[in-house]
Amino acid sequence: MSETEQKTGWFARLVRWRAAHIPEREMMLILAFFIGLFASVAAYMLHGLIRQIQHLLTEGFTITSYNWLYLVFPVVGILLTSLFVKYVVKDNISHGITRILYAISSKQSRLKGHNCWSSVIASAITIGFGGSVGAEAPIVLTGSAIGSNLGQLFNMDKKTLMLLVGCGASAAIAGIFKAPIAGLVFTLEVLMVDLSMASLLPILVSSVTATCFAYIFMGTDALFMFHLDDAWNITRVPACILLGVFCGLISLYFIRMMNACEGVFARLRKRPYMKFALGGLMLSSLIFLFPALYGEGYNAINILLNGRTEAEWNTILNNSLFYGHGDMLVIYVALVLMTKVFATSATNGAGGCGGTFAPSLFIGGFGGFLFSRIWNMYHIGVYVPEKNFTLLGMGGVMAGVMHAPLTGIFLIAEITGGYQLFIPLIIVSVCSVMVISLFEPHSIYAMRLAREGKLVTHHTDRSVLTLMNIESVIDREYTSVEPDMPLGKLVLVMSQSPSPFIPVLDNGGKLLGEIDVSKIRHIVFRTELYQKFVVSQLMTPVAAQIGVNDPMEEVMHKFEKTNANTLPVVDRSGTLVGFLARTRVYSLYRKFVADFSAE
């Protein structure tokens with residue numbers, strides 16, 4: 001027996017022993033602990049790699065003028081990432097959180113094994129060399145993949161796999177930000193379907209485990225340093241409401257421009273060199289003009305969060321053409337705010353790997369600072385502290401972009417220790433989500449799947465319909481007839497057909513109509529008519545057709561609208577694939593509802 005077979009046999013015995021001695025619920029908690037551990041290790045490695053690469057590349061940069069290497073490093077990073085993905089990973093690893101949603105919706109929560117490490121390496125290269133994206137979405141994909149693959153190793157069922165994917169996502173957020181509550185609410189708001197109180201325990205275990213190991217690996221310092229100098233008071237409520245509206249509009253700008261830019265790069269997918277050239281040129285030019293766009297941009301956010309004087313805030317102009325022009329700080333911040341979305345889109349569009357989590361924090365921080373600085377410059381109302389509103393802006397834009405107000409509130413409160421600003425955080429986040437919801441019904445992560453009808457939501461009926469697979473209910477066993485077949489032969493076919501659905505097809509297999517036995521019952525026993533009628537004279541149009549890629553919600557709607565017992569399923573060319581029986585579809589639906597609701 002080979003070494004691989006021995007390992008396989010040993011592990012198979014372990015899985016059988018586990019099934020016999022450790023109940024599902026206890027095993028889920030054990031796996032949640034290890035998911036939290038592995039996710040925190042992945043987060044530590046990712047941030048460590050990014051810091052080391054950035055330190056090596058930018059250590060000798062002068063702060064008093066521009067640096068030409070800003071034109072080179074981002075392009076090199078994207079090139080290296082593209083080569084790594086193409087020749088090592090050999091799979092698409094972009095849009096990490098969207099891929100998790102897709103796995104939950106369409107792949108029964110199964111993520112590929114390479115997702116446990118590929119996104120860490122690819123995003124470290126991209127961001128370390130200056131790619132203007134975030135590390136959070138890749139690490140969330142990594143954590144979810146760890147949860148999914150651990151669950152698959154121990155033969156956990158589909159519902160448990162879905163929960164373990166959520167554990168991985170929450171552990172990743174908790175590990176990277178040292179924010180266990182934010183990890184929990186992120187999973188509830190952005191990823192998961194309906195969770196019972198009992199299901200929350202594994203997510204809490206993974207989040208707290210990841211946070212504890214993050215403190216062990218990275219110390220007790222928060223990701224963003226913030227000290228409250230000016231406590232919030234009730235007179236600032238109008239400013240907070242207006243900031244929330246402003247954050248909602250920024251979120252709308254971010255989502256719309258991101259989609260527009262992605263559309264441009266998508267049209268160039270068959271011309272990879274053109275896509276690389278366009279993205280690389282756009283990204284390097286923007287970083288050369290605005291070095292604050294380099295990487296995640298967390299250093300720039302910390303400057304805005306901790307600045308007390310003009311001199312401290314003006315350090316954000318270092319390394320740029322704006323150095324020494326403190327009077328242009330507002331213009332610089334506004335330009336960075338407007339161009340960040342283009343830098344992020346160019347990074348991913350050209351072949352880099354990263355997410356929109358950090359960019360939303362970045363834009364929110366700059367938006368909050370810009371709002372408060374203009375508010376104070378023109379004395380619009382009572383004085384508002386810029387550093388506080390920088391923090392509030394981060395929560396507002398994150399909540400708007402992700403349609404997740406609780407995530408924005410708790411994440412910002414936890415990563416900055418800013419619980420003293422809890423009330424204004426709630427005001428700004430809620431107002432932001434209310435504004436963006438008027439224009440965009442889904443988050444930036446979910447809108448791609450929502451357009452395809454593949455999104456699992458918190459609405460139980462819709463989630464069940466999304467999880468149902470149309471392929472599993474198509475009946476491909478049928479007997480077809482041709483339009484010129486005489487009635488005599490049709491009667492013979494009807495007597496031998498196991499299905500009540502008899503389609504009429506042309507020579508190419510395209511559906512022309514159907515034979516409704518109830519409508520020709522009055523002539524089937526009149527033998528003298530067998531040679532006088534042909535199928536084309538007796539067939540009727542089908543009540544509706546179902547496409548093979550139609551979402552189940554639309555399928556159910558067609559059954560309700562037509563009140564038909566069977567409906568044909570066709571491909572894009574109109575060729576018949578099979579048919580759906582109403583009773584079979586409803587039976588599967590009831591089974592899914594029962595499984596979905598069961599603990």
For this session: Hey, could you give me the OG/CZ distance between S320 and F290, rounded to the nearest 0.5 Å?
Result: 8.5 Å
Problem set entry | CA sep, side-chain torsions, deciding dist, call: S206, S170, side-chain hydrogen bond (donor to acceptor under 3.5 Å, both in side chains) | CA-CA 7 Å; S206 62; S170 63; 3.3 Å; yes
Exercise. Quick one: are the ring centres of Y332 and F366 less than 6.0 Å apart?
Worked result: no
Seminar exercise, completed: Closest non-hydrogen atoms of L69 and P74, given as atom of the first, atom of the second and distance, are O-CD, 4.3 Å
Problem set entry | Criterion side chain to side chain contact (heavy atoms under 4.5 Å, CB included) against L370, the qualifying member of L304, I250, V330 | V330
Exercise. Is there a donor-acceptor pair closer than 3.5 Å between any side-chain N or O of N149 and the backbone N or O of A145?
Worked result: yes
For this session: Please confirm whether the backbone N or O of I50 pairs with a side-chain atom of H55, one donor and one acceptor, at under 3.5 Å?
Result: no
Exercise. When rounded to the nearest 0.5 angstrom, what is the spacing between CD1 in I30 and CD1 in I35?
Worked result: 12.0 Å
For this session: For residues F288 and Y70, establish whether the separation of their ring centroids is below 6.0 Å.
Result: no
For this session: Indicate the ring-plane relationship of W117 and F84, choosing parallel, tilted or perpendicular according to the 30° and 60° boundaries.
Result: perpendicular
For this session: Apply side chain to side chain contact (heavy atoms under 4.5 Å, CB included) to F357 and L411, showing your working.
Result: CA-CA 12 Å; F357 204 106; L411 180 66; 3.5 Å; yes
For this session: Considering non-hydrogen atoms only, spot the tightest contact between S251 and G396 and give its length.
Result: OG-O, 4.3 Å
